[in-house]
Amino acid sequence: MRILPVLQEVKRRRTIHAKMMIHAEDWDAGTHNCTDTLVAAGERLHEAYLRKRNTYEAEKEELALIDANLSSAVHELRLLQILAVNCSESYDFAEEGMEASLAAVAPEVLQKAPSGRQGFELKAEEHLRKFARELHGRAQSILDDQRVALEHAKSAMKNASKAEQQVDGIKKTYEDQKDKLNILREAMIEAEEEALCFDGLLEQATELIVRADLYRARQPSDLAAAGYAVSWKFQVWSFLHYLTATFELLVMMLIALDLAHAHYWKQALEVIEFLQGEWTNAEDSSENYFVMGTSVSWYRPKSWEDGNEHKEPLKLVPKSKRRPKPPENEPKAEGASDPAEGTPAIEAEASWFDNGLQMAQGVQGRGLSFQTVSTLDDRSKNSNHAKTEPEVPGKAKEQVEVELAEVAEVVEIMCGESKVIVDRVVPVSFGHAVSGWEKEQLCRSAKVLGHGEHWCPDEDGVKGSDSGEEELVDGKTDHKIKGIGDFMDDLMEGFAELYRAPWLNSLGREQSAAQLRIYRLADPKIEAQRCGEVGTGLRSIFAITQVPEISLKSFYKAEADSNLEGRLPVRVTSLLCRLQIQIVGHLVLACSELRNACEEVGFFVLTDHGICDALMESLRKECTAFFKRPPQSNVLGMVSSTDSRFLWLDHVPCDDGPAWSLGPVHGRGSMPWQLDQEEFATVWTAYYAEVEKLVARLMSLFAVAMHLPATTFDSALKNHRSSMRAILYPELAEADFEQTSEVIRSPEHTDWGCVTVLLADPEVSGLEICDKDGGWTSIQPQRHALVVNLGELLQWWTGGKWLATPHRVLARPDSAGERLSCPYFGLVNRETLLQPLLAESGNHEGITAGEFLQNHERYSDPPKTRGQDTSLKR
Ligand SMILES: O=C(O)CCC(=O)C(=O)O
Ligand SMILES: [Fe+2]
């Protein structure tokens with residue numbers, strides 16, 4: 001065995017053993033330490049336990065003591081409470097004055113009571129204090145809460161007033177928007193109405209055009225055949241048809257007469273020549289033969305410029321109704337004498353004339369019911385029947401009466417109960433020539449028409465219509481004609497209506513003027529009874545008793561009908577188009593009314609002028625507000641210290657922007673003004689533009705009324721500097737009327753320019769115009785109307801024929817309120833040469849408008865009684 005390893009092993013083990021010993025000693029020491037610590041801890045705990053226990057015991061004792069005290073206290077309290085109650089009761093009892101029983105019952109109680117009561121009172125006091133403290137605390141917290149709430153309320157109020165301001169702002173915007181909306185809405189309604197009206201007119205126009213085409217499409221041969229070849233029935237139809245055809249001629253003739261009456265011979269001739277384009281002179285009848293023609297006799301009086309050349313009356317027969325003369329050997333009425341050829345023609349005619357009747361009735365139904373018949377039988381020269389004496393212009397009057405007898409007879413028979421006489425004496429005559437043959441024919445027709453007799457053609461239906469031997473066969477009912485009598489009656493009514501129309505009335509203006517009489521008989525046998533003599537009734541219209549009122553409704557209607565887009569027809573272009581005839585009628589109406597007003601009065605009230613109400617109201621509102629704004633009210637102060645009783649704002653459009661001025665300053669004159677509100681300027685310029693348009697229209701109507709081309713004033717109106725003014729007449733005080741019953745707000749004056757369009761105050765009157773006798777007529781305010789008057793420039797231009805009438809503004813106690821008016825002073829440009837407009841206005845100096853205005857005093861004809869303040873002249 002080897003020893004080393006064993007030794008080594010022993011050594012190793014000894015080492016391990018030694019190490020383990022060291023560990024064992026360490027361990028031992030550690031264990032000792034631990035035990036010591038534990039023991040020490042145990043001792044400390046024990047001590048603590050003992051201490052606690054002592055305390056606990058002590059406390060337990062104390063608690064028991066407290067407990068005992070508590071229960072004795074509670075007990076005592078209860079006793080006290082009972083005592084207190086008793087005491088209180090006893091006390092109350094005693095207090096109620098039962099001293100005797102108290103003395104008897106409760107000496108003991110009384111003895112105890114003070115102490116019991118005192119204890120009770122102390123407790124009660126303590127309770128009360130506590131309660132009071134609680135209350136105080138609660139009150140304090142409520143107060144605090146309220147303070148907070150107050151702060152909240154304050155800030156809420158601040159927000160509310162802010163919101164209120166905002167709401168006010170929104171409300172104002174809303175009101176403004178509402179106004180604008182209303183303007184728009186009204187404009188829309190107007191536009192809609194116009195559109196509706198236009199639709200209606202369009203429909204009517206289309207219908208009329210269709211009818212006109214139908215009318216034009218007919219062949220002359222058809223017409224002639226009607227006379228010769230067809231039965232009497234067709235002749236009656238053809239007669240009715242001519243009534244409608246003649247209407248157009250009549251209207252044209254009346255237009256010509258109107259012109260001629262006003263001594264516009266040239267223009268009248270133009271119309272006549274135009275008529276001649278469509279109607280040929282009957283004297284030149286070599287190639288005419290015609291059974292039931294239509295003619296009009298036209299006399300030219302000696303006073304006509306070219307009267308010598310045309311001494312003979314013109315008899316006009318429609319060209320379209322002429323037909324070529326048949327070959328010598330041919331029968332005159334081929335249709336009539338040849339039934340084989342005539343039958344299809346008759347059928348064609350029958351349907352055509354049925355259309356004709358419908359057309360006549362259609363026209364009647366729409367109120368275009370004025371018709372006349374005038375017949376001329378050229379053929380009657382060749383026939384054996386009597387012919388009307390040829391008319392001699394030299395003895396126009398008697399001649400006309402002869403003619404009238406004829407006409408009256410014809411018409412009387414035609415209408416059964418009515419008789420119409422038309423006569424025109426001077427300067428032209430308008431009558432009817434009726435041949436004997438025709439009279440006979442018409443009498444026959446009329447018997448049938450007027451008395452509703454049954455009538456039917458001869459067996460062959462074509463028998464000799466040119467021989468005058470037709471028969472009425474009573475009792476035959478297969479061709480009854482009913483209702484025609486009524487129709488004819490209506491025609492006559494329409495006829496009468498035509499002659500009542502105001503534009504025709506103007507024909508009777510002068511002493512020697514044409515007269516128009518309408519007779520209607522209750523019974524054909526009774527003497528003619530005059531039911532109205534337009535000529536006399538008329539004259540009263542022209543003395544100024546009130547300012548004429550003129551509506552532009554018919555003018556706008558004519559404009560819309562004709563699609564003229566603001567332009568008037570310079571001359572009539574087609575005779576046969578009924579639509580145009582209507583337009584001309586409307587224009588003649590508008591123009592003759594205007595002419596009368598301008599020649600006789602110089603003022604008129606214009607309605608249906610085309611400016612929308614909402615815009616007029618906006619202008620009134622804005623102007624009133626303008627005068628109320630602060631800077632102006634200072635100036636208003638200046639007014640009351642001067643002679644002028646009004647304040648104005650003037651506006652003239654200039655190339656470099658509009659010029660505004662405010663006056664009067666220091667009594668008169670004006671000063672440049674800066675406009676302060678965009679809204680105001682917008683409304684003002686919108687209204688200005690509308691009146692500008694209206695004035696252009698009025699001027700073109702004036703031109704037509706002067707028998708000049710409608711475009712006469714177009715170039716004069718370019719670059720005009722018409723001004724517009726808002727005038728405020730402040731309210732007058734009672735003291736102003738102490739010495740006088742009327743206060744002059746604006747003295748008598750005439751306007752300077754061409755035409756003034758005034759938007760007057762709708763509620764406060766005051767504007768008065770001077771009539772020819774020097775009296776004053778007041779113009780009553782009308783909310784929707786405008787007042788138009790002429791200025792001196794136009795008076796000069798027309799050689800004094802059209803009047804610039806003096807006017808003024810007065811206040812009386814019942815019209816002393818604040819008054820606002822806005823005149824537009826329409827002018828032409830300064831370069832316009834004022835050469836005589838009217839033929840009879842004489843040779844006055846040709847000056848320019850600028851010169852006229854500059855040297856105005858020289859040219860104007862001062863009114864008789866002029867106010868002192870000439871600066872008011874405009
Ligand atoms: O205020 C009015 O009614 C008339 C005013 C006037 O005639 C004018 O300013 O020329
Ligand atoms: Fe005036």
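The basis for the numbers below is simple: all heavy atoms, side chains too, and nothing from hydrogens, waters or symmetry mates. Atoms within each ligand, like the ligands themselves, are counted from 1 in listed order. Position 1 is the first residue of the sequence; numbering continues from there.
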- Item | Thr607 side chain near Gln782 side chain, heavy-atom distance below 4.5 Å | yes
- So, for Trp684 and Tyr688, is the gap between ring centers shorter than 6.0 Å? no
- Item | Reference residue Val601; test side chain to side chain contact (heavy atoms under 4.5 Å, CB included); the match among Ile769, Thr805, Asn789 | Ile769
- Task: Would you please name every residue forming a salt bridge (Lys or Arg N to Asp or Glu O under 4.0 Å) with Lys718, sequence neighbours left out?
- Result: none
- State, with a plain yes or no, whether a side-chain heavy atom of Cys822 is found less than 4.5 Å away from one of Cys623. yes
- May I ask whether Tyr729 has any heavy atom positioned less than 4.0 angstrom from an atom of ligand 1? yes
- Task: Run the numbers for me: atoms of ligand 1, each under 4.0 Å from some heavy atom of Phe825, listed by number.
- Result: 8 (C), 9 (O), 10 (O)
- Query: Counting each atom of ligand 1 from 1 as listed, which ones have a heavy atom of Pro823 under 4.0 Å away?
  - Reply: 9 (O)
- Task: Run the numbers for me: atoms of ligand 1, each under 4.0 Å from some heavy atom of Ser821, listed by number.
- Result: 1 (O), 2 (C), 3 (O)
- Query: Of the backbone atoms (N, CA, C, O) and the side-chain heavy atoms from C-beta on, which set of His749 has a member under 4.0 Å from an atom of ligand 1: side chain, backbone, both, or neither?
  - Reply: side chain
- Item | Partners meeting ring pair (Phe, Tyr, Trp, His ring centres under 6.0 Å) with His807 (sequence neighbours left out) | Phe603, His749
- Can you tell which part of Asp761 has a heavy atom less than 4.0 Å from ligand 1: side chain, backbone, both or neither? neither
- Task: Consider only side-chain N and O atoms of Ser821 and Asp761, and report whether a donor and an acceptor are under 3.5 Å apart.
- Result: no
- Task: State the atoms of ligand 1, each with its element, that fall below the 4.0 Å cut-off from a heavy-atom position in His807.
- Result: 7 (O)
- Note on the structure: Candidates Val787, Thr750, Val809; heavy atom nearest atom 4 (C) of ligand 1 found on Val809
- Message: For Ile727, which part has a heavy atom under 4.0 Å from ligand 1: side chain, backbone, both, or neither?
- Response: side chain
- Task: Of all N, O or S atoms in Asp751, identify the one at the shortest distance from the Fe ion (ligand 2).
- Result: OD1
- Can you check whether Phe852 and Trp797 have ring centres sitting under 6.0 Å from each other? no
- Non-hydrogen atom of Ala760 closer than 4.0 Å to ligand 1: no
- Query: Do we see a donor-acceptor contact under 3.5 Å between the side chains of Asp613 and His784?
  - Reply: yes
- Note on the structure: Looking at His807, the N/O/S atom that lies nearest to the Fe ion (ligand 2) is called NE2
- Under 4.0 Å from a heavy atom of Leu758: give me the atoms of ligand 1 that qualify, with their elements. 3 (O)
- Query: Is Arg819 in contact with ligand 1, taking contact as a heavy-atom separation below 4.0 Å?
  - Reply: yes
